[in-house]
Colleague: 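First the structure, then my questions, so here it is.
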Amino acid sequence: MLITNKEIQICFDNAIKILNNNLKDFTYDFQEANSINNFYQKSKNVDWTTGFCTGEYWLAYEYSKDTAFCNAANIQVDSFLERIENQINVEHHDMGFLYSPSCVASYKLTKNENGKKAALLAADKLITRFQEKGKFFQAWGELGAENNYRLIIDCLLNLPLLYWATDITGNPNYREKAVEHTKTSLANLVRQDNSTFHTFFFDHNTGAPLRGVTHQGYRDNSAWARGQAWGIYGLALSYRYTKNPTCIDLFYRVADFFIEHLPKDLIPFWDLEFTDGDGEPKDSSAAVIWACGMLEMSKYLDREKAVYYTDYAKKIAYSLYKDYAVKDISISNGLLLHGVYAKKSEFNGVTDRGVDECNTWGDYFWLELLTRLSKDWEIYW
Ligand code: GLY
């Protein structure tokens, strides 16, 4: 079933009610990355995920025109400026996740100069993580350290901040580094069978590609569902900004692998290794990221392909509307149930976190998906 316009409106109306109720708790405070028993607790602006809360308010403002959302989002923008000026928890690559849906959005929608300033400082910060040996942005850890000399697939979503920074400043350096990182990612992250590595290591002395390793997936050679989804959306955004045709070729391969590994209700399990009957949890956030990526790439495909992927996004939205979207504030203060932040396996190094819970990026991309399905949206990325 494809979601209808009426159902999209119902989803928006439910989301706006919940977000309106959240304003009192989450304006000067942010949400934790994931809920506990489906309710978010308060947090300071310290994690890689806080930009999604602000991004939800921008999307809610676009839909409802309620200035309460605009005001709350701009209050949060000041917090992002303070965070980057004081270098609070910014020693990692997630500047795009933090600053695109919050500060770039504030500048695009309200010409907020603090948003522009904060986002440019964040782009400068990201640039400091570029490794000439290997030509990529090092995701985590001490710069140059052998045990962290790697990129991760999620970083493709951090790059639009750099394309934006070049547009705003005229300085080509941001864009050039983003293009280099994209080329390195495309050359190393997609396997022969069209699944993807989560992270990829390089030799810290020579920059030579070494090996793919998982962080949050089930095992090194499986396809972590959200990683594959970041790849799909990342390829669409990379094509948007570079027009490199390799992005389209890889998009078909990676998106079709995803489709071929979906369970009956089209919402993936946390790793694409699993299917119905395995008793593993779903990751609804991977579904919404994937759907947004398909809608973005559909803008650049021929009509038949565009309809195919757009219809998939509508089918996913219908499944989410039916069984995953929060319909009542008494159930949750989040928007989308049944996500997974991290699930421990015998082969990965993470501990269980946010398993079968809401997470802030799932909520944000759910709202982005509804927005994309309801109008020709000027993106924050
Ligand atoms: N970007 C980190 C995650 O998706 O969990």
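As the structure lists them, so they are numbered: ligands from 1, and atoms in each ligand from 1.
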Colleague: Counting each atom of ligand 1 from 1 as listed, which ones have a heavy atom of Q216 under 4.0 Å away?
Modeller: 3 (C), 5 (O)
Colleague: Could I get the full list of side-chain contact (heavy atoms from CB on, under 4.5 Å) partners for N188, not counting sequence neighbours?
Modeller: T184, F200, F202, P209
Colleague: Taking distance alone, with no angle check, do Y341 and ligand 1 share an N/O pair under 3.5 Å?
Modeller: no
Colleague: By number and element, which atoms of ligand 1 are closer than 4.0 Å to a non-hydrogen atom of D154?
Modeller: 1 (N), 2 (C), 3 (C), 4 (O)
Colleague: Counting only nitrogen or oxygen atoms and a 3.5 angstrom limit, does W361 reach ligand 1?
Modeller: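 Among all N and O atoms of W361, none is under 3.5 Å from an N or O of ligand 1.
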Colleague: Quick check: is L157 connected to Y364 through a chain of hydrophobic side chains (ILVMFWY, heavy atoms under 4.5 Å apart)?
Modeller: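 In one cluster with Y364: L157, yes.
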Colleague: Strictly under 6.0 Å, is that where the ring centroids of F30 and F52 end up?
Modeller: no
Colleague: Mind telling me whether H198 and H215 have parallel, tilted or perpendicular rings, with 30° and 60° as the class edges?
Modeller: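 Tilted.
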Colleague: Tell me whether R129 forms a cation-pi arrangement with F137, defined as NZ or CZ under 6.0 Å from the six-membered ring centre and within 45 degrees of its axis.
Modeller: no
Colleague: Enumerate the atoms of ligand 1 whose separation from the nearest heavy atom of R226 is less than 4.0 angstrom.
Modeller: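 Within the 4.0 Å cut-off of R226, ligand 1 contributes 3 (C), 4 (O), 5 (O).
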Colleague: Under 4.0 Å from a heavy atom of W48: which atoms of ligand 1 are those, numbered in the order shown and with their elements?
Modeller: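 Ligand 1 atoms under the 4.0 Å threshold to W48: 1 (N), 2 (C), 3 (C), 4 (O), 5 (O).
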